[in-house]
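One structure is given here, and the rest of the page talks about it.
Worth knowing before you read on, the calculation uses all heavy atoms, side chains too, and leaves out hydrogens, waters and symmetry mates.
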Amino acid sequence: QVQLVESGGGLVQPGGSLRLSCSASGFILDAYAIGWFRQAPGEEREGVSCTSKNGGSIYYADFVKGRFTISRVNGKKTVYLQMNNLRREDTGVYYCAADEGCSAKGDGMNYWGRGTQVTVSS
């Protein structure tokens, strides 16, 4: 059974950091592009970052450039999203998704986790 599970979310003060993990079971994570997406209440889902299946191409949304880093380790069944200098507007449910290629808003990506809540508040 193909499954993605996100973890690492929580409550953090503005300026703080969190590291999200996307763990896979039932398939070889290295063979897929992995994207991170987020959705705030009442807002549309938006793409945050994506790494191609071999890690050769990495994409970031403009609003996270310089603050977030996506990484994957070959052979590991986990992709990470390091989030630094968090802002209140980063609050939302963060999802990871997997498919052949990256997608700006996740359209067409077939495998999704259930999400992890990130709340940035003082």
**OP:** Check for a donor-acceptor pair, side chain of Tyr60 on one end and backbone N or O of Ile70 on the other, with a separation under 3.5 Å.
**Re:** yes
Original post:
Is any side-chain N of the basic residue among Lys65 and Asp62 closer than 4.0 Å to the acidic one's carboxylate O?
Top reply: yes
Subject >> For Ile58 against Ser49, the heavy-atom pair lying closest together >> reply: CG2-OG, 4.5 Å
Original post:
Can you find a heavy atom in the side chain of Met83 that is under 4.5 Å from one in the side chain of Arg67?
Top reply: no
**OP:** Have a look at Ile34 and tell me which of Asp99, Thr51, Thr78 forms a side-chain contact (heavy atoms from CB on, under 4.5 Å) with it.
**Re:** Thr51
Subject >> Separation between OG1 of Thr116 and CG of Leu18, rounded to the nearest 0.5 Å >> reply: 8.5 Å
Original post:
Under the 4.5 Å side-chain heavy-atom rule for ILVMFWY, direct or indirect, which residues accompany Tyr59?
Top reply: none
**OP:** Look up atom CG in Leu29 and atom SG in Cys22, then write down how far apart they are to the nearest 0.5 Å.
**Re:** 6.0 Å
Original post:
About how many Å separate CZ of Arg72 and CG of Asn54, when rounded to the nearest 0.5 Å?
Top reply: 8.0 Å
Original post:
Does Val120 belong to the same Ile/Leu/Val/Met/Phe/Trp/Tyr cluster as Leu20, with side-chain heavy atoms less than 4.5 Å apart forming each link?
Top reply: yes
**OP:** Return each pair, listed once, that meets side chain to side chain donor-acceptor pair (under 3.5 Å) where at least one residue sits in residues 2-21; pairs must be two or more places apart or across chains.
**Re:** Ser17-Asn84
Original post:
Which pair of heavy atoms, one from Cys102 and one from Ala33, lies closest together, and at what distance?
Top reply: N-CB, 3.8 Å
Subject >> Heavy-atom pair of closest approach, residues Arg45 and Gln39 >> reply: N-NE2, 3.8 Å
**OP:** Count the heavy atoms of every other residue, nucleotide or ligand shown that sit under 6.0 Å from CD of Glu44, and state whether that count exceeds 12.
**Re:** no
Original post:
What residue pairs, at least two apart or across chains, pass ring pair (Phe, Tyr, Trp, His ring centres under 6.0 Å) with a residue in residues 102-122?
Top reply: Phe27-Tyr111, Tyr32-Tyr111, Phe37-Trp112
Subject >> Smallest separation among heavy atoms of Gly47 and Ala61, with atom names >> reply: O-CB, 3.4 Å
Original post:
If only atom types and distance count, is the side chain of Arg38 paired as donor or acceptor with the main-chain N or O of Val118 below 3.5 Å?
Top reply: no
